[in-house]
Amino acid sequence: MLITGLACFSLFAAAPTQLDSSHNPNIQDYLAFPSQSIALLDVDVLDGSGGPALTRQTVVLSNGRISQIGPVATTIVPEHAKQLYLPGHTVIPGLVGMHDHTHMPGQTFLGEVAARLWLASGVTTIQTAGSADFQAELSLTAAIQRGDMPGPTIFPTAPYLTGPDGNGPMHKPETPAQARQLVKDWSAKGATWFKLYRHIQPAIAAAVIDEAHKQGRKVTGHLCSLTFSEAAQMGIDSIEHGLISATDFHPQKSDGQCVSSRQGLAALDIEGEEVAKLIVLLVEKQVTLTSTLAIIESHFAHRPQGEARSLALMSEAWQQAYQRRQRQLKNNASSMPDEVLAKLMAFERRFVQAGGHLVMGPDPGRHVLPGHGNQRGFELLVEAGFSPPQALKIATANAAKTLGQAAQFGQVAIGFNADLVVLKGKLAADARVIRNVELVIKQGQVYDPAKLLEGLQGRFGPQLLQD
Ligand SMILES: [Zn+2]
């Protein structure tokens, strides 16, 4: 579609600039070694295109870009390149997280600790999908760009926009004119995306979408007052969370009213005509859907909860809040039945089978941490029925395309940014290999995950938490 094409082009212009931060002393402590040119030899490559693994490959990186890929037996490595023999390893594109807030519940800004955890977990780019502290998010974005601290490239999102019933520090424009002004102001300050939240009213949403596109920005939404169909008709670029937040199937919803989508889910026929019609519309309108299975899983009592590695990073206050919440979840008779999770997964699979564009993000919160949640989200896509190469495409190349960066990153391909992850093991055969991060390469800089994680224990979340 012409509109989408234009939006992509303009967003490209608005993307964070890539600075050469290689000589900034602040990141040297986190590097495995300094190098301008590297050859990764005898690796498997899952390139992010969705195709099968290429085995016994050599990948050469020069000046922050991927300069060569080919069979190890025939690829000539430049003399000056540092050579790393890595049989039994898989090279993938850096993960691109598409629902990766820089804050946690209670609006605690995470900043550098999250930036390091993302990078250590193989996430080299994030779109934040709503900010709680816009200035802090912009400062973090700029600090990482300058190389003052390690972290992923950030596409910042303006503060959430919602309606009169919305909570917290979110913005609640009362007229379309006010909404347009906010969009102009935040675009000028550096917001690349806008996030509509659950109580946004239709006329305000339409104004935000229209103005954002005029400014070359994109709009996503955690919807409720708008159905997915309504938002798609308005030209929204992206919708978060999948079927769990779709109010399209509620029998008594009135215009602009936020109703519970959950009660209807158990009865909804995923194979039925209503769902099929919605998918056709989303595909036709080129709406991206963001899978957030990691945070969704945390609402199901019988699913794996609270990874030990994540708990170890949390502050004591947050650990206690987490344990309290776990007890509530286990005792709560209204915890959703496990079949609902299976339905949410089936919806995502069906959407992709119909030609839909799916991306992925963890929605960090509660006990889903940045980075860990991106890896878990990948595993859950595989559980949902995607092959590891397909799930990786969702977590990399698809996301880059939604960000207007399809030719810059998100794939292991010649000329692309050297944003790569070296995993120990064969990811094509085992989704859990996504956790075995040995090296993270961002713009050609080779980071050591152990150095990035050093000293982060107990630093996630506030020291005091009100629940
Ligand atoms: Zn969120």
Side-chain angles (χ1 to χ4, degrees), residues 95-111 114-115 117-118 123 125-134 136-137 140 152 154-163 165-172 191-200 205 208 218-226 228 231 236-247 258 261-262 287-300 310 318 322 325 344 348 358-377 380 394-395 399 402-403 460-461:
L95 301 178
V96 183
M98 293 294 280
H99 193 131
D100 289 52
H101 304 305
T102 54
H103 65 276
M104 298 294 261
Q107 282 80 51
T108 309
F109 184 70
L110 289 170
L117 181 54
W118 267 307
V123 180
T125 308
I126 58 166
Q127 193 262 102
T128 64
S131 61
D133 185 340
F134 184 52
E137 187 165 303
L140 182 71
I154 300 177
F155 285 71
T157 310
Y160 297 70
L161 290 159
T162 191
D165 298 333
N167 54 19
M170 298 177 181
H171 285 259
K172 300 164 190 173
T192 56
W193 280 74
F194 290 84
K195 169 84 170 275
L196 305 178
Y197 201 60
R198 301 175 70 241
H199 296 276
I200 192 89
V208 169
K218 288 192 174 186
V219 181
T220 190
H222 175 168
L223 303 177
C224 181
S225 53
L226 296 183
F228 283 17
I236 200 167
D237 300 287
S238 192
I239 298 176
E240 306 298 305
H241 303 304
L243 199 59
I244 195 139
S245 59
T247 49
C258 177
S261 59
R262 297 186 183 193
V287 178
T288 293
L289 290 189
T290 307
S291 171
T292 60
L293 290 172
I295 192 72
I296 287 172
E297 179 185 46
S298 78
H299 293 279
F300 288 84
S310 299
W318 202 348
Y322 165 69
R325 186 175 164 276
L344 300 176
E348 294 187 352
L358 190 68
V359 300
M360 193 263 274
D363 194 7
R366 314 274 177 199
H367 62 288
V368 175
L369 288 193
H372 292 177
N374 300 73
Q375 294 173 346
R376 183 63 188 152
L380 289 167
I394 291 164
T402 296
L403 292 172
F460 277 81

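Indexing begins at 1, ligand by ligand and atom by atom, following the structure's order.
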When you measure from the Zn ion (ligand 1) to the N, O or S atoms of Glu240, does any of those distances fall below 2.8 Å? no
Met104 vs Leu369, test: side chain to side chain contact (heavy atoms under 4.5 Å, CB included). Steps then yes/no. CA-CA 9 Å; Met104 298 294 261; Leu369 288 193; 3.5 Å; yes
Mind checking whether the Zn ion (ligand 1) has an N, O or S of His241 under 2.8 Å? no
Centroid-centroid under 6.0 Å between His222 and His99 rings: no
Is His101 close enough to the Zn ion (ligand 1) that one of its N, O or S atoms comes in under 2.8 Å? yes
Would you say the side chain of Val368 lies within less than 4.5 Å of the side chain of Asp363, judging by non-hydrogen atoms? no
Need the atom name: nearest N/O/S atom of Asp363 to the Zn ion (ligand 1). OD1
Parallel under 30°, tilted from 30 to 60°, perpendicular over 60°: which one fits the rings of Tyr160 and His103? perpendicular
